[in-house]
Amino acid sequence: MYLHAGYQIALSPDTKHFAVDWLGVEVTRATLGIIGMGSIGYKVAQRARAFHMRILYHNRNQRRREDEEAVGAHYCAKMEDLLQQSDFVMLVVNLTPETRKLIGKKELELMKPTATLINISRGAVIDQDALVEALKNKVIRAAALDVTYPEPLPRDHPLLNLSNVIITPHIGTATVQAICMMAEEAITNMLAVLNHQPIPSEVFPK
């Protein structure tokens, strides 16, 4: 939120000076709660470790002890415990019937009033109506969303008018290198099928 507001201040023709008491929130040694510790969630943890963050995670299955120790992550069997302790909560889950509206009114009220909710998974993982109310009423401090539902949001959606939320247009993988890697992976899988070989990235139905 400070990034967006700071950008506006820096560009504004009315700016004469920068306020010395305009302060943000420290990431170093803050507690990061990661919901969904798959390959992407684990990479988030690796990066967070560089900031000396305390890392909590909730996942369907606990990761191996050596994985946890490598990033200093602590497993929370109950998502509620993670929500209550985290300064930043990041959602990195797949969208399934079980994760749809995983974060709603009850979950938001468990979070610290100083906490920030970050969603890099899918928009429908959050109950957006509940999020709007939580942000309006300062139930949580802020939200950062790379995903919403629908995408893009209707231009009159209340999330677009709140000062304590920042929204980006689903650009988590929007780099030339990432798109090339995804294309190469798709081609590798197609060639494997055509050559009757094991499919490297095969998705198995549940």
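Counting heavy atoms from C-beta outward, V89 and L83 have side chains that approach closer than 4.5 Å. Within the 4.5 Å cutoff, the side chain of I55 has heavy atoms near those of the I34 side chain. The side-chain heavy atoms of V125 and K101, taken from C-beta on, include no pair separated by under 4.5 Å. Side-chain atoms of L160 and R155, non-hydrogen and from C-beta on, do get closer than 4.5 Å to each other. In this structure the side chain of Q62 reaches within 4.5 angstrom of the side chain of E68, judged on heavy atoms.
Taking OG of S163 as the reference point, atom CD of Q8 lies at 12.0 Å (rounded to 0.5 Å). A distance of 4.5 Å separates CD1 in I126 from CG in L117, rounded to the nearest 0.5 Å. In this structure, the separation between CG on L82 and CE on M90 is 12.0 Å, given to the nearest 0.5 Å. To the nearest 0.5 Å, atoms CG (L91) and CG (N119) are separated by 4.5 Å. Taking CD1 of I166 as the start and CD1 of I118 as the end, the distance is 11.0 Å to the nearest 0.5 Å.
Across L110, V93, I35, a single residue satisfies side chain to side chain contact (heavy atoms under 4.5 Å, CB included) together with I103, and that is I35.
Applying the side-chain contact (heavy atoms from CB on, under 4.5 Å) criterion to Y7, with sequence neighbours excluded, gives L11. I40 meets the side-chain contact (heavy atoms from CB on, under 4.5 Å) test with V92, I120; sequence neighbours excluded. For Q46, the side chain to side chain donor-acceptor pair (under 3.5 Å) test picks out no residue, with sequence neighbours left out. Qualifying side chain to side chain donor-acceptor pair (under 3.5 Å) partners for D146, counting only residues two or more places apart in sequence or in other chains: T168. Annotation: side-chain contact (heavy atoms from CB on, under 4.5 Å) contacts of R29 (sequence neighbours excluded): H52. Scored by the side chain to side chain donor-acceptor pair (under 3.5 Å) test, T99 finds T96 as partners (sequence neighbours excluded). For K136, the side-chain contact (heavy atoms from CB on, under 4.5 Å) criterion is met by V132, E133, L162, not counting sequence neighbours. With sequence neighbours left out, E109 forms a side chain to side chain donor-acceptor pair (under 3.5 Å) with K105. R63 pairs by the salt bridge (charged side-chain N to carboxylate O under 4.0 Å, His left out) definition with D67, not counting sequence neighbours.
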Pair T116-R141, side chain to side chain donor-acceptor pair (under 3.5 Å): steps then yes or no: CA-CA 6 Å; T116 296; R141 186 181 69 88; 2.9 Å; yes
If you look only at distance, which donor and acceptor atoms sit under 3.5 Å apart when one is on a side chain in residues 185-193 and the other is two or more places apart or in another chain?
| from | atom 1 | to | atom 2 | distance (Å) |
| --- | --- | --- | --- | --- |
| E185 | OE2 | S201 | OG | 2.5 |
| T188 | OG1 | E184 | O | 2.9 |
| N189 | OD1 | S201 | N | 2.9 |
| N189 | ND2 | E185 | O | 2.6 |
| N189 | ND2 | S201 | OG | 3.4 |

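Shortest non-hydrogen contact noted between Q85 and R54 is OE1-NH2, 2.8 Å. The two atoms that bring L56 and C76 nearest to each other are CB-SG, 4.1 Å, heavy atoms only. For the residue pair A134 and L108, the shortest heavy atom distance occurs at CB-CD1, 3.9 Å. Across A10 and F18, no two heavy atoms sit closer than the pair CA-CE2, 4.3 Å. A143 and L131 make their closest contact through CB-CD1, 4.2 Å (heavy atoms, listed as atom of the first residue, atom of the second, distance). Across K138 and N164, no two heavy atoms sit closer than the pair NZ-ND2, 4.1 Å.
Residue pairs meeting the ring pair (Phe, Tyr, Trp, His ring centres under 6.0 Å) criterion with at least one partner in residues 125-174, sequence neighbours excluded, are absent. Within the structure, every pair that satisfies the ring pair (Phe, Tyr, Trp, His ring centres under 6.0 Å) test and touches residues 59-93, not counting sequence neighbours, is listed here: Y57-Y75.
For E66 and R64, the salt-bridge test passes: some basic side-chain N is under 4.0 Å from an acidic carboxylate O.
Enclosure of atom CE in M182 by more than 12 non-hydrogen atoms of other residues, nucleotides or ligands within 6.0 angstrom is indicated.
If you chain together hydrophobic residues whose side chains sit under 4.5 Å apart, M111 and M53 never meet in one group.
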